[in-house]
Amino acid sequence: MIESSIMGFSTVMTSIPHVCLPKVNRPMLRRSIRCSVASISPKFDLKTYWTSLIKEIDQKLDEAIPVKYPQQIYEAMRYSVLAKGAKRAPPVMCVAACEIFGGNRLAAFPTACALEMVHAASLIHDDLPCMDDDPSRRGQPSNHTMFGVDMAILAGDALFPLGFRHIVSHTPTDLVPETRLLRVIAEIARAVGSTGMAAGQIIDLEGGPNAVDFVQEKKFGEMGQCSAVCGGLLAGASDDEVEHLRKYGRAVGILYQVVDDILEEKTESEQKDDTKKKGKSYVSVYGVDKAMELAEDLRSQAKKELDSLEKYGEKVLPLYSFVDYAADRDFSFGTLV
C-alpha cells in the first residue's frame, strides 16, 4: 500500500508543471475571482472556524508532547510545536478537507497534530546555521538559538517519528480503516522526504534564480498539498477528489508563501532594510509586481480545483475561504493564538 501511494505521487507530479509566472498583466493583488461555491454562502466566518480549531489543536498538541526524561529534548520539541503565533494552517486544512467528505473531526485530529509536528520539525531544521541561518522565528528566538544547535537537530529528528506514531496510536480505528492510515503515513513520508521538502531545501542551499520555482513548490507547496490530501484520505475521498485536493493544496501552499514574501519586501522597503538574503523567493528574483501576478494566478488555480467539489456544498467553504485569506490576509488572529 505504501509503495503504491508513492508510485501514485510520481505519476501526479509528472503531470503537474512547475509554477510559471503568468504573462497577463494584472497589477492588483486583491481581485474578485468567481467560483460557483461562493454563491452558496459568501459570509462564511473563517476566522471563527479557524480560531476554534486552533484552540482544540493546541490542547491536543500539548497533551501529545508531555515532558519526559531526558527533559531537555522535550522542552525543545514543545518550544517549537507550541510556539505562540502559530496559525496551525496545516492541521486546519487537514480537518477542513476531512469534513468535506463527511469525516469525523475526531478522526482527523491525530493526523492534524502530526502535520504540525512535522511542520515544526522542518522549521527547526530550516533555521539552523547550516541551512537558512535564521536566529528567530515568528518574532521569537529560533530553536537552536534557545537550546543550541545539537539539541535543535535532535528535537527536529524526534518530532518526525513522533508524528507518525501519534497517527497510529491515537486515530480511532472504528472511524478510519487501517488501509487509509497507511496511505496517510505514506503521503506525509513522501512530502517530507528526498522527493519533497528535503529536495526543496537542497536546491535552496545551492541557490540560483532558475531554481526558485522548484524551491517554492517543494518547500511550501508540499506541505499544503500533503495537509489537504491527508484530510481527504482519512474521510475516504475518491482518487479523483484526492487529486483535486492535491492541486488545491499545492497552489495555496505556494500562494501563502508568495504573499508572505510580498508583505515582507514591502515592509523592508519602507524601513530601507537591505539585509534580506537574495535568491530565496519569487520576490527577490522577479520583483514584487511579478510576484503579485503570480499570487492572483495561484488564487485562481486553487479555486478552480474546488469547483470540482461543488456537490459537497457548504462543506467546501472553509477551504474556499482559506484561499482568499492566503492572498488578502484580511483579518488577524490577535491574542487567540
Side-chain angles (χ1 to χ4, degrees), residues 35-38 40-61 86-116 118-119 167 171 175-176 180 183-184 187-188 191 220-238 241-256 298-299 301-331 333 336-337:
C35 179
S36 53
V37 179
I40 300 172
S41 178
K43 296 181 179 179
F44 178 76
D45 188 353
L46 177 65
K47 182 176 182 179
T48 298
Y49 176 87
W50 197 335
T51 51
S52 66
L53 272 175
I54 286 175
K55 292 177 182 178
E56 292 185 83
I57 292 166
D58 281 352
Q59 179 180 349
K60 293 184 179 301
L61 284 170
K87 296 181 178 67
R88 309 301 185 204
V92 169
M93 187 181 292
C94 174
V95 172
C98 182
E99 291 182 328
I100 289 176
F101 308 99
N104 190 314
R105 185 173 290 190
L106 294 177
F109 275 140
T111 296
C113 288
L115 287 167
E116 190 64 23
V118 167
H119 181 53
I167 292 172
T171 304
L175 297 178
V176 183
R180 294 182 191 174
R183 294 185 68 184
V184 166
E187 177 65 26
I188 298 175
F220 308 111
E222 285 288 353
M223 197 72 235
Q225 65 173 290
C226 177
S227 301
V229 165
C230 284
L233 290 174
L234 288 167
S238 69
E241 290 166 340
V242 166
E243 291 315 310
H244 287 301
L245 290 174
R246 185 180 299 284
K247 294 175 183 178
Y248 161 85
R250 169 189 168 279
V252 173
I254 300 173
L255 169 62
Y256 203 98
L298 290 166
R299 189 207 300 245
Q301 289 176 30
K303 290 185 176 182
K304 180 180 178 181
E305 296 303 326
L306 293 182
D307 278 342
S308 301
L309 305 178
E310 182 181 5
K311 68 179 182 180
Y312 293 102
E314 293 190 359
K315 292 181 179 179
V316 182
L317 286 173
L319 289 189
Y320 183 87
S321 301
F322 194 93
V323 179
D324 286 330
Y325 173 79
D328 300 329
R329 310 299 169 93
D330 47 3
F331 65 82
F333 291 89
L336 293 175
V337 282

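Sequence positions, counted from 1, serve as the residue numbers for this chain. Below, all heavy atoms of this structure are taken into account, side chains as well, without hydrogens, waters or symmetry copies.
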Between [X] and [Y], what is the shortest heavy-atom contact and its length?
X: Pro110; Y: Ile167; value: O-CG1, 4.1 Å
X: Tyr49; Y: Pro318; value: CE2-CB, 3.7 Å
X: Cys98; Y: Ala235; value: O-CB, 3.4 Å
X: Ala302; Y: Val323; value: CB-CG2, 3.8 Å
X: Ala112; Y: Pro91; value: O-CB, 3.2 Å
X: Ser308; Y: His244; value: OG-CE1, 3.1 Å

Take Val176 and Thr111 through the test side-chain contact (heavy atoms from CB on, under 4.5 Å) and record every step on the way to the result. CA-CA 11 Å; Val176 183; Thr111 296; over 6 Å; no
Would you indicate whether the side-chain heavy atoms of [Y] and [X] approach each other to under 4.5 Å?
X: Phe322; Y: Tyr248; answer: yes
X: Trp50; Y: Lys87; answer: yes
X: Val252; Y: Met93; answer: yes
X: Leu309; Y: Leu245; answer: yes
X: Lys304; Y: Gln301; answer: no
X: Cys226; Y: Leu115; answer: yes
X: Thr171; Y: Leu175; answer: no
X: Leu53; Y: Phe109; answer: yes

Polar side-chain atom of Arg246 near backbone of Gln225 as donor-acceptor pair, under 3.5 Å: no
I'd like to know if the side chain of Thr51 reaches the main chain of Thr48, judged simply by a donor and an acceptor atom lying under 3.5 Å from each other, with no hydrogens or angles considered. yes
Full working for side-chain contact (heavy atoms from CB on, under 4.5 Å) between Arg299 and Asp328: CA-CA 10 Å; Arg299 189 207 300 245; Asp328 300 329; 2.9 Å; yes
Between Arg105 and Glu99, is there a salt bridge with N-O shorter than 4.0 Å? yes
Rounded distance [0.5 Å steps], [atom1] in [X] versus [atom2] in [Y]:
X: Leu233; Y: Phe101; atom1: CG; atom2: CZ; value: 9.5 Å
X: Phe331; Y: Asp45; atom1: CZ; atom2: CG; value: 8.0 Å
X: Ser52; Y: Lys47; atom1: OG; atom2: NZ; value: 12.5 Å
X: Leu255; Y: Arg250; atom1: CG; atom2: CZ; value: 11.5 Å

Using 30° and 60° as the class limits, which term best fits the ring planes of Tyr256 and Tyr325: parallel, tilted or perpendicular? tilted
When you look at Val229 and Arg183, which way does the side-chain contact (heavy atoms from CB on, under 4.5 Å) test go after all the steps? CA-CA 10 Å; Val229 165; Arg183 294 185 68 184; over 6 Å; no
Working note: Asp58 + Arg88, criterion side-chain contact (heavy atoms from CB on, under 4.5 Å); need CA distance, chi angles, decisive distance, verdict. CA-CA 9 Å; Asp58 281 352; Arg88 309 301 185 204; 2.7 Å; yes
